[in-house]
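Read through the structure below, which is laid out as structure tokens, and then see the notes.
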Amino acid sequence: LGAGVGAAVLLIGYAVLGLSAPVLIALLLVLARISGPAATLQNGLQQIAYSLPAWEALKSLERDLGHARAEQSGPVSATPPTGTVVLDTVVYRHRTDDGEASGGVHGISLKIEPGEIIGLSGASGAGKTTLADILAGLLSPQSGTVSIGGRALTADLAPAWRDRVAYVAQDPVLFNDTVRANLSWVGPDIDEAAIRRALSLVGADPLIARLPQGLDTVVGENGALISGGERQRLALARAILRRPSLMILDEATSAIDVAGERAVLLRLLEQTPRPTIVMIAHRAETLSLCERIVTVIEGRVTSDRREGTVSLGSAA
């Protein structure tokens with residue numbers, strides 16, 4: 001574009017206006033000086049164009065949150081629900097960009113008793129994470145019902161239920177802050193003794209002893225300064241400090257070696273009172289610690305079998 005403008009100036013100035021060579025050279029110099037600010041303006045417009053999809057996504061999220069807030073017709077229940085979790089013919093299908101239903105779960109019915117240890121197995125994309133999100137109250141069924149202790153998990157009750165859920169993902173989020181700050185943000189009443197107990201429970205004592213400033217060591221953005229297994233141990237400790245009624249572990253120990261994973265999980269199962277634990281896993285060693293294994297294939301429960309009582313004798 002700049003070259004085109006320069007050529008047009010030369011052509012019009014010489015052929016039409018009859019300008020002298022010094023004047024034309026001066027005009028070209030002015031145009032050359034303008035090219036820098038023009039390029040900056042162009043780059044700014046490009047950045048705005050590139051940011052528009054993210055802006056639209058942000059506005060869409062804001063609208064969704066506004067709709068969810070509007071659906072809460074009454075005050076949020078101050079009493080979190082407790083008791084048996086029941087899913088009755090629950091359906092939740094995701095939507096593709098063209099509006100077609102894809103993935104998710106359909107027609108799932110489950111009954112989960114307090115303190116049960118359940119393993120969710122199945123291939124990737126089978127619907128395990130969608131099912132876990134429904135259990136956590138992060139997704140509302142498109143049809144069917146979810147109830148806890150006989151109380152329907154409505155939009156009004158869901159926030160209170162989510163306060164009683166701890167969700168540990170395969171790739172947990174850690175802040176660019178100290179170990180202490182990453183663990184204590186779950187509640188204002190978390191003291192150092194509770195943090196130490198939680199770290200001991202997940203086998204993170206050697207990590208804290210190795211860090212140069214102990215609990216006050218900064219772990220980096222998303223825990224970049226520690227290993228994947230150590231990040232998962234810290235995330236598990238944070239979940240324990242939440243004192244949940246339901247703990248969902250979505251491949252939460254996949255970066256820990258098999259022996260270390262078994263030791264951590266056995267300690268989790270020894271908690272008193274023990275929360276209901278739902279583990280999404282592919283390792284047979286992980287699933288062997290579950291009292292009950294639910295297999296999900298293409299969004300449906302194809303198997304729900306009990307494995308017996310878990311032995312806790314080798315948790316040390």
Side-chain angles (χ1 to χ4, degrees), residues 1-72 92-105 123-130 132-134 136 138-140 142 155 167 169-178 181-182 185 217-228 230-232 234-235 250-251 254-255 298-299:
L1 180 62
V5 171
V9 167
L10 286 176
L11 179 62
I12 295 172
Y14 177 75
V16 178
L17 301 178
L19 299 178
S20 63
V23 173
L24 290 174
I25 292 174
L27 284 173
L28 291 177
L29 288 175
V30 170
L31 290 174
R33 296 295 298 271
I34 293 176
S35 64
T40 301
L41 179 61
Q42 178 190 4
N43 289 334
L45 293 174
Q46 285 180 334
Q47 291 297 324
I48 292 174
Y50 296 155
S51 300
L52 285 177
W55 172 254
E56 290 297 330
L58 182 61
K59 297 301 291 183
S60 176
L61 177 60
E62 186 178 33
R63 288 192 297 269
D64 291 344
L65 293 175
H67 293 157
R69 189 180 302 113
E71 288 175 0
Q72 295 181 0
Y92 187 94
R93 305 299 303 278
H94 300 284
R95 297 288 175 180
T96 61
D97 291 338
D98 56 5
E100 295 293 327
S102 174
V105 298
S124 297
K128 303 185 300 297
T129 299
T130 301
D133 289 346
I134 292 171
L138 298 174
L139 295 177
S140 298
Q142 295 162 345
Y167 198 133
Q170 180 178 11
D171 189 14
V173 174
L174 294 179
F175 303 115
N176 185 21
D177 209 330
T178 64
N182 271 284
W185 74 268
T217 302
V218 175
V219 297
E221 185 69 29
N222 263 338
L225 302 181
I226 57 179
S227 71
E230 290 166 342
R231 288 196 296 271
Q232 289 186 339
L234 292 184
D250 190 351
E251 294 283 352
S254 59
E298 295 183 353

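For the atom pair Asn222 CG and Asp171 CG, the distance stands at 6.5 Å (nearest 0.5 Å). To the nearest 0.5 angstrom, Glu251 atom CD is 7.5 Å from Lys128 atom NZ. The structure places CD1 of Ile134 at 11.0 Å from OG1 of Thr129, a figure rounded to the nearest 0.5 Å.
Between Pro172 and Ala235, the closest heavy-atom pair is CB-CB, 3.5 Å. The shortest heavy-atom contact between Gln170 and Gln232 is O-NE2, 2.9 Å. Closest non-hydrogen pair, Ile226 versus Arg231, comes out as O-NH1, 3.1 Å. The minimum heavy-atom distance between Tyr167 and Ala136, with the atom names listed, is CD1-CB, 4.1 Å. For Leu174 against Leu234, the heavy-atom pair with the smallest separation is CD1-CD1, 4.3 Å.
Ser20 is not listed as a side-chain neighbour of Leu24, based on a closest heavy-atom distance of 4.5 Å or more. The shortest distance between side-chain heavy atoms of Val219 and Asn176 does not fall below 4.5 Å.
Within the 3.5 Å criterion, the main-chain N or O of Gly44 finds no donor-acceptor partner in the side chain of Gln47. No donor-acceptor pair closer than 3.5 Å links the side chain of Asp133 to the backbone N or O of Leu139. Formation of a donor-acceptor pair under 3.5 Å by the Arg93 side chain with backbone atoms of Gly103 is found in this model.
The residues Glu56 and Lys59 are annotated as not salt-bridged, no charged nitrogen and carboxylate oxygen being separated by less than 4.0 angstrom.
No more than 12 heavy-atom neighbours from other residues, nucleotides or ligands sit within 6.0 angstrom of CD on Glu298.
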